[in-house]
Number of protein chains: 2
Amino acid sequence: MHSGRVASRSAEPRDARESRNGGGPHLDTVSLAIIEQLQEDGRRPYAAIGKAVGLSEAAVRQRVQKLLDQGVMQIVAVTDPLTVGFRRQAMVGVNVEGDVESVADALSAMDECEYVVMTAGSFDLMVEIVCEDDDHLLEVINRRIRAVPGVRSTESFVYLRLKKQTYMWGTR
Amino acid sequence: MHSGRVASRSAEPRDARESRNGGGPHLDTVSLAIIEQLQEDGRRPYAAIGKAVGLSEAAVRQRVQKLLDQGVMQIVAVTDPLTVGFRRQAMVGVNVEGDVESVADALSAMDECEYVVMTAGSFDLMVEIVCEDDDHLLEVINRRIRAVPGVRSTESFVYLRLKKQTYMWGTR
DNA sequence: CCCCGGCTCTACGAAATCCGCAAACATCGA
DNA sequence: TCGATGTTTGCGGATTTCGTAGAGCCGGGG
């Protein structure tokens, strides 16, 4: 019962953020607001989200489902791996000769690589890896990653302590 | 009805992963299993989790609440910022003179820093930053980060494309 | 040996939430 | 103007969440 109709989204000019998002699906202001709600609490009830963004419970539910299906967002538990028993974690900078994308795909296929991103700068790729122990770490870096065709060199940064980890860009 | 009593956790020897977790609270096998479930789907019902780990719905609920309260895990929506309207993102390697920890704290206090980790290697800190646009990125790196006392130098890696982002270390 | 405090689990009823569906509505192009 | 398409709303029933009370386990005194 939020006083009748909600103003049509297309009535207001498209939010600046909607344009040029790298090829992904278009996200309007309402979906952004929904994501923002779920960044604060991934289990917040649909009705509460609806009240916050001005939509019915069912509409929120359908939008959330679509965002999940499209891969725009995922609702998950995140932890500090070091707290949960993985004793060695590292960021690895990778230099590539040839096709960077195919190397990125190869690294993405590895379970131990939790995070893979193509970058500009003195590395072509940055990869975060999570391992059980030192032996595992050594094997992943020196045997597996360097064995990928196109990998020219790597540089490792072993994690000592995680200081911050947030996902609340929306709540600034 | 999982055949009467669940074996007391302390009956079996402590899981190897439980020890030496960096000072955080002790996590037994069951809590690990719960986290694993929520890494697959952060909204999975407590009853379903209970069936998977061999616990009642209420017990799962109480454990999850405690894990959240203790800060061991968070249940949140995660996205690719580039997909959601933030146009510039970068990893920044930082070299520090003096106390690394205090610099890490200062950087953690900045909203734009989403991820801060102390490392061993040619950088003392690695920081992931999320910005609206080029101007914002420039200001954060050149004015704010370099202005922190103790920061000797920085090197930036601007994100071109996010290839992988997972949180399912448990499901290997 | 017994009792007690602290902690965790189970049981269960009430309240809130989730879910599927059909109808209403908006938008857009023919 | 008229469909085609996609979204939102409004239900009712199934499911889940929530609070709480009581039981089981364990270790530390007395």
Would you say [X] places a side-chain N or O within less than 4.0 Å of OP1 or OP2 belonging to [N]?
X	N	value
Arg43(B)	dC18(C)	yes
Lys66(B)	dC7(C)	no
Arg63(B)	dC9(C)	yes

Given atom [atom1] of [X] and atom [atom2] of [N], what is their separation to the nearest angstrom?
X	N	atom1	atom2	answer
Asp41(A)	dT17(C)	CG	C1'	14 Å
Leu55(A)	dG6(D)	CG	P	18 Å
Arg61(A)	dA14(D)	CZ	P	16 Å
Glu57(B)	dC9(C)	CD	C1'	12 Å
Ile49(B)	dT10(C)	CD1	P	14 Å
Ile34(B)	dC9(C)	CD1	C1'	12 Å
Lys51(A)	dT8(D)	NZ	C1'	18 Å
Gln65(B)	dT20(D)	CD	C1'	16 Å

Expected list for residues 71-80 of chain A: side-chain donor-acceptor pairs under 3.5 angstrom, two or more places apart:
residue, atom, partner, partner atom, Å
Gln74(A), NE2, Gln165(B), O, 3.1
Asp80(A), OD1, Leu82(A), N, 2.9
Asp80(A), OD2, Thr83(A), OG1, 3.4

Mutual orientation of the aromatic rings belonging to Tyr115(B) and Tyr159(A) [parallel < 30°, tilted 30-60°, perpendicular > 60°]: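 Because their plane-to-plane angle lies in the 30° to 60° range, the rings of Tyr115(B) and Tyr159(A) count as tilted.
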
Arg43(A) charged N/C atom sitting above Tyr46(B) aromatic ring, 6.0 Å / 45°: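 Verdict for Tyr46(B): a cation-pi partner in Arg43(A).
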
Side-chain heavy atoms of Thr154(B) within contact of Asn95(B), under 4.5 Å: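 In short, these two side chains do not touch, never coming nearer than 4.5 Å.
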
5′-ward residue of the pair Tyr46(A)/Gln62(A) relative to DNA chain C: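 So the residue in question is Tyr46(A).
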
From dC9(C), dC18(D), dC19(C), nucleotide with atom closest to Ala59(B) side chain: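 Nearest listed nucleotide: dC9(C).
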
